[in-house]
Structure formats: structure tokens, C-alpha cells
Amino acid sequence: MPRSSDAKERFIRTAASLFRQGGYHGVGLNEIIAEANAPKGSFYHHFPGGKDELACHAMAYAAGFMRRKMAGAFEEADSFDAGAQALIARLADWFEQSGWQLGCPITTIALETAPSNTHLTNAARGSFDLWTDEIAEHAIRLGAAGDPRTEAERLLTMIEGAWIMARVRQSRAPFEQIASLYDRTPTGERTVR
């Protein structure tokens, strides 16, 4: 049994992992508690708002994790396009290694609960805003061709769509298609394969 001091983090990490696989409605509270190997009373102590409160924390945890992955991809790049391609490739590799099972927990929750659940919708919006801000900062630093926020939102929108299509098709092709949009000719024009 975990120490009470780490039970909250254990619940959050467990929920994020399970939501990636089964979505919000597909994962029961008892399953989360059992997988976290923590007492039920501890759950309600840390999350008096129940499963919704836990899901908000799980989305924030996942958003922070992904933000660090985004930063790593762009920090190693010498252009916005190279950073976008590195991020897309890493996500495709990661998703493929999971057998197309471990999607984005924020997307799975948002698709099931927005806009009817205001708390979860706001948490998802906050996560997407965090990612947009991260990508936009790199767009500014690396001199992206267009408006940095627009470039960031466009990339994020394409990644989220590719994640869904790759899961359904069980193929990395959707990621490769969006990566091709960041190929540049010697004259700087974008090319689409």
C-alpha cells in the first residue's frame, strides 16, 4: 500500500494512464482505486469532488508531461518546421509502440464530456492552451513563417486529428501526412506529398 503522502500522485498518474486507454466513461472509479493500490477513503480525502476532480488533475498532469515533450522536440530543432517534424515523429513512435492503444487522455476525456461537463471542458481547454502557448513560444524563437499562435494552433489541431485517425486506422500514416506539411523546398515553400 502506498504511503498517504504519495497516494494523491498515484491516483493522478493511474487515472491519466487508464483514461488514455479507456476514456472517461470507460474507466470506473473502483478500477482507478484498485490500480492505484490505495484505500478508497484516501481517494475521497484527496478528491472530494470525486472522479471529475481527479480527471481535472489527471489532465493537468498529462498536459505538463506533454508540454515537456513538446519543449524537448523544439529545443533540439533549428527551425519551427524541424521542431514540428520532430514532435510529430516522436508522437507517432510513442503511439505505435503502444499498439495504437494509448491515446491522449485529454482528448479522450474531452470527446466524451465536452461541452456538457463544464469542469472537464475547462480543464481540457486549459491543457490545449498550455500546449498552444508552448508551441507559440518556439514559433517566435525559431522564426515561424506565420502568426505564432496560429501556427501553434494549426499544428496542435493536426496532431490531435492525426492521433484519432491513427488509432482508428492503426497506422502512423496520419502523422506522416501532417509531417509532410512541414517539409520545405530550398526556396522555403511548403510542399505536400
Side-chain angles (χ1 to χ4, degrees), residues 1-75 86-88 90-138 152-153 155-157 159-164 166-167:
M1 183 179 309
R3 298 183 333 252
S4 60
S5 62
D6 73 349
K8 183 174 183 176
E9 278 300 310
R10 209 176 252 265
F11 282 126
I12 292 168
R13 287 191 313 269
T14 299
S17 177
L18 292 173
F19 291 148
R20 288 176 71 195
Q21 294 177 283
Y24 182 76
H25 295 302
V27 176
L29 189 53
N30 288 334
E31 182 181 359
I32 294 168
I33 292 169
E35 187 74 22
N37 193 26
K40 196 170 201 172
S42 176
F43 173 82
Y44 287 108
H45 169 75
H46 292 296
F47 306 101
K51 187 178 173 184
D52 278 8
E53 184 177 350
L54 173 61
C56 289
H57 283 277
M59 283 193 278
Y61 169 80
F65 176 84
M66 186 56 67
R67 182 181 187 193
R68 291 186 296 277
K69 296 297 180 191
M70 290 173 173
F74 279 99
E75 285 170 1
L87 176 61
I88 293 163
R90 289 176 186 188
L91 293 175
D93 290 346
W94 187 21
F95 200 26
E96 186 173 28
Q97 289 168 4
S98 80
W100 315 110
Q101 298 297 312
L102 302 179
C104 173
I106 295 153
T107 302
T108 60
I109 293 170
L111 287 171
E112 293 180 36
T113 64
S116 60
N117 185 315
T118 305
H119 296 296
L120 297 179
T121 300
N122 288 339
R125 183 179 299 118
S127 298
F128 292 141
D129 287 346
L130 180 74
W131 294 344
T132 300
D133 292 344
E134 178 68 32
I135 296 169
E137 287 176 20
H138 293 289
E153 289 179 350
L155 175 59
L156 183 56
T157 299
I159 287 172
E160 288 297 327
W163 222 320
I164 294 167
R167 186 172 204 163

Query - Sequence-distant partners of A166, side chain to side chain contact (heavy atoms under 4.5 Å, CB included), two or more places apart - result: F95, W100, P174, F175
Requested in this report: Provide the full list of salt bridge (Lys or Arg N to Asp or Glu O under 4.0 Å) pairs with a residue in residues 35-44, sequence neighbours left out, each pair given once.
Outcome: none
Query raised in the report: Which distance, rounded to the nearest 0.5 Å, do you find between the CH2 of W163 and the CG of L102?
Result: 9.5 Å
**Report entry** Residues forming a ring-ring contact (aromatic ring centres under 6.0 Å, His included) with F43, sequence neighbours excluded
**Finding:** F11, F47
Report task. Can you measure from CD (E153) to CG (L155) and round to the nearest 0.5 angstrom? Result -> 11.0 Å
Report summary line: Here the gap from L130 atom CG to M70 atom CE, rounded to the nearest 0.5 Å, amounts to 8.0 Å
Requested in this report: Name all residues meeting the ring-ring contact (aromatic ring centres under 6.0 Å, His included) criterion together with Y44; count only those two or more places apart in sequence or in a different chain, and write none if there are none.
Outcome: none
Query raised in the report: Among all residues two or more places apart in sequence or in another chain, which pass the side chain to side chain donor-acceptor pair (under 3.5 Å) test with D93?
Result: R172
Query - By side chain to side chain contact (heavy atoms under 4.5 Å, CB included) - contacts of A110 (at least two apart) - result: A124
Report summary line: So side-chain hydrogen bond (donor to acceptor under 3.5 Å, both in side chains) across residues 116-127, not counting sequence neighbours, yields D52-N117, N122-R125
Report task. Report the residues that fulfil side chain to side chain contact (heavy atoms under 4.5 Å, CB included) with A60, sequence neighbours left out, ordered by chain and then residue number. Result -> none
Report task. For residues P105 and A16, report the shortest heavy-atom separation together with the two atoms involved. Result -> CB-O, 3.7 Å
**Report entry** I159/W131 under side chain to side chain contact (heavy atoms under 4.5 Å, CB included): CA gap, chis, key distance, verdict
**Finding:** CA-CA 11 Å; I159 287 172; W131 294 344; over 6 Å; no
Query raised in the report: How would you list, by chain and number, every residue that makes a side chain to side chain donor-acceptor pair (under 3.5 Å) with T107, sequence neighbours excluded?
Result: E160
Query raised in the report: Going through the checks in order, is the side chain to side chain contact (heavy atoms under 4.5 Å, CB included) test met by R20 and Q101?
Result: CA-CA 8 Å; R20 288 176 71 195; Q101 298 297 312; over 6 Å; no
Query raised in the report: Taking all atoms of both residues into account, what is the closest heavy-atom pair of A152 and A136, and its distance?
Result: CB-N, 3.5 Å
Query raised in the report: With sequence neighbours excluded, what pairs up with A55 under the side chain to side chain contact (heavy atoms under 4.5 Å, CB included) test?
Result: F19, Y24, I109, L120
Requested in this report: Using the salt bridge (Lys or Arg N to Asp or Glu O under 4.0 Å) rule, collect all pairs that involve residues 105-118, keeping only residues at least two apart or in two chains.
Outcome: none
Query raised in the report: If you look at every heavy atom in T14 and I32, which pair is closest and at what distance?
Result: CG2-O, 3.7 Å
Report summary line: Looking only at heavy atoms, the pair that brings A7 and H46 closest together is CB-NE2, 4.1 Å
Requested in this report: Find the distance between CG (L111) and CD1 (I106) and round it off to the nearest 0.5 Å.
Outcome: 12.0 Å
Report summary line: d(W94 CH2, M66 CE) to nearest 0.5 Å is 4.0 Å
Requested in this report: Please examine the side chains of T113 and H25, heavy atoms only from C-beta on, and report whether any two atoms are closer than 4.5 Å.
Outcome: yes
Query raised in the report: How many angstroms lie between atom OG1 of T132 and atom CD of E137, to the nearest 0.5 angstrom?
Result: 11.5 Å
Query raised in the report: What salt bridge (Lys or Arg N to Asp or Glu O under 4.0 Å) pairs are there with at least one residue in residues 53-70, not counting sequence neighbours?
Result: R67-E134
Report summary line: Closest heavy-atom pair, N37 versus R10, reported as atoms and distance to 0.1 Å, is CB-NH1, 4.3 Å
